[in-house]
Amino acid sequence: MIPLHWYLLLSAGVFAVGVAGFLTRRNIIIMFMSIELMLNAVNISLVSFSRYLSDLRGQVLVFFIVAVAAAEAAIGLGIIIALFRNKATAHVDEANEMKG
Amino acid sequence: MLAEGIFIYLAAAIIVLSVLVITRSNPVHSVLTMLLLFFHIAGLYVTLNAEFLAAVQVIVYAGAILVLFLFVILLLNLKEEMLERRYVGPWPLGLMAALGLFLVIVLSLRSFAPGPPGAFTTEVIRAETNTKALGKILFTEYLYPFEVVSVVLLVAIIGAIVLAKKRLRS
């Protein structure tokens, strides 16, 4: 059987790629997709915990995370459309009106 | 041996595809790469005996969320954005921060010790099927969080409409 650590390493790798994408890119859509990447990394580790600890609660948590990710995508894309209507840009550095 | 081979293929594909997602300059290419990525993650769930979640991954993530992303990219006009530089500001700093986080997680994995195993062994789930066992635990022990999630989705629906609709000129 595959050791649990392999799955956790994979999850950590995907999470780190998501963090890197969020911190290095300035296109708001790519930043949003990086957040989805991080959520998926957490899902991978939760499903593998559920398998290796033979407990289904991890999968229930993944179910909730998927629901929250869907809600977050809907709200976030609504914000992106509102931002684009007002600023005509998807570049987050150009939305700096609230800077003091 | 076969299980290891499948895992190594899926893990390599997931890492490579996620790096591709964050490095493409065209957001449409990113979304299509992410579609492939979600299919591979669904495959990983199947190898972990989570068939229901694999189906949910394909239906919700690949079917709903990515289509939403594609619609928004089509609504926005991103021609000028694609010509700009992809990485701006102190991007090596961000890369270093991500690498540091990865190292911290990997080092903390060494002290990880699994807790006592639960009641849902592979044999129990095989006798009852994954979806039925998951549904039983979701609608008994986790009924209250399940209802709260429905409220979260309602808020998302209303919020998306309020944010995206045009202001009426009065």
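All values below come from the heavy atoms of this structure, side chains included, with hydrogens, waters and symmetry mates left out. In what follows, every chain begins at residue 1, and chains take the letters A, B, ... in the order their sequences are listed.
- Per-residue counts of heavy-atom pairs under 4.5 Å with chain B were compared for A/Ala70, A/Ser11, A/Ser50, A/Gly76; the largest is that of A/Ala70.
- Interface check for chain A: of the options B/Leu134, B/Leu95, B/Ile137, B/Val60, the most heavy-atom pairs under 4.5 Å are formed by B/Leu134.
- Most heavy-atom pairs under 4.5 Å with chain A, from the set B/Gly159, B/Ala11, B/Ala97: that is B/Ala11.
- With hydrogens and angles left out, the side-chain atoms of B/Gln57 and A/Asn43 include no donor and acceptor closer than 3.5 Å.
- In the hydrophobic clustering of this structure, A/Leu83 does not group with A/Ile75; members are Ile, Leu, Val, Met, Phe, Trp, Tyr whose side-chain heavy atoms approach within less than 4.5 Å, directly or through other members.
- Contact annotation for A/Leu37: both backbone and side-chain heavy atoms come within less than 4.5 Å of a heavy atom of chain B.
- Relative ring orientation between B/Phe7 and A/Tyr7 is described as perpendicular, the plane-to-plane angle rising above 60° on a 0-90° scale split at 30° and 60°.
- Put simply, of A/Ala41, A/Ala82, A/Ser34, A/Ala16, the one with the most heavy-atom pairs under 4.5 Å next to chain B is A/Ala16.
- By number of non-hydrogen pairs under 4.5 angstrom with chain A, the leading residue of B/Ile73, B/Leu75, B/Leu153, B/Leu53 is B/Leu53.
- Residues A/Leu61 and B/Phe139 are members of one and the same hydrophobic cluster, defined by side-chain heavy-atom contacts under 4.5 angstrom among Ile, Leu, Val, Met, Phe, Trp and Tyr.
- For chain A, the nearby part of B/Ile125 is the side chain; its heavy atoms alone come within less than 4.5 Å.
- For B/Thr122, the part sitting under 4.5 Å from any heavy atom of chain A is the side chain, from C-beta outward, and nothing else.
- In this structure, chain A has a heavy atom under 4.5 Å from the side chain of B/Leu101, while its backbone stays farther away.
- To the nearest 0.5 angstrom, A/Met33 atom CE is 4.5 Å from B/Ser30 atom OG.
- Of the listed residues (B/Val152, B/Thr121, B/Leu76, B/Leu138), the one with the most heavy-atom contacts under 4.5 Å to chain A is B/Leu76.
- Ring centers of A/Phe15 and B/Phe102: at least 6.0 Å apart, outside the cut-off.
- In terms of non-hydrogen atom pairs under 4.5 Å with chain A, the most contact-rich of B/Ile105, B/Leu68, B/Val149 is B/Leu68.
- The backbone N or O of B/Ser25 sits nowhere less than 3.5 Å from a side-chain atom of B/His29 that would complete a donor-acceptor pair.
- Considering all non-hydrogen atoms of both residues, B/Asn130 and B/Asn49 come closest at ND2-O, 3.3 Å.
- Distance alone, capped at 3.5 Å, is enough to place a donor-acceptor pair between the A/Arg85 side chain and the B/Ala164 backbone.
- Within the model, atoms OG1 of B/Thr47 and OH of B/Tyr45 stand 10.5 Å from one another, a figure rounded to the nearest 0.5 Å.
- Most heavy-atom pairs under 4.5 Å with chain B: of the set A/Ile81, A/Val60, A/Val14, A/Leu4, this distinction falls to A/Val60.
- For the set B/Ser150, B/Pro145, B/Ala64, B/Gly100, the entry with the most heavy-atom pairs within less than 4.5 Å of chain A is B/Pro145.
- The side-chain hydrogen bond (donor to acceptor under 3.5 Å, both in side chains) check on B/Glu128 picks up B/Lys136, with sequence neighbours excluded.
- Contact of B/Phe146 with chain A is made through backbone and side chain together, with heavy-atom distances under 4.5 Å.
- Residue with the most contacts toward chain B among A/Val17, A/Ile80, A/Ile79: A/Val17 (heavy-atom pairs, distance under 4.5 Å).
- Interface remark: B/Ile161 contributes no atoms to any contact with chain A (heavy atom separation under 4.5 Å).
- Interface remark: B/Ala119 contributes backbone atoms only to the contact with chain A (heavy atom separation under 4.5 Å).
- In this structure the side chain of B/Pro117 never reaches within 4.5 angstrom of the side chain of A/Asp55, judged on heavy atoms.
- For chain A, the nearby parts of B/Leu48 are the backbone and the side chain; heavy atoms of each come within less than 4.5 Å.
- Looking at B/Val162, neither its backbone nor its side chain comes within 4.5 Å of chain A, counting heavy atoms on both sides.
- Of the residues considered (A/Val68, A/Val19, A/Leu77), A/Leu77 shows the highest number of contacts with chain B, using heavy-atom pairs under 4.5 Å.
- With chain B as partner, the option from A/Gly78, A/Ala67, A/Gly18 having the largest number of non-hydrogen pairs under 4.5 angstrom is A/Gly78.
- For an aromatic pair to be called close, the ring centres must be under 6.0 Å apart, and A/Phe22 with A/Phe32 fails this.
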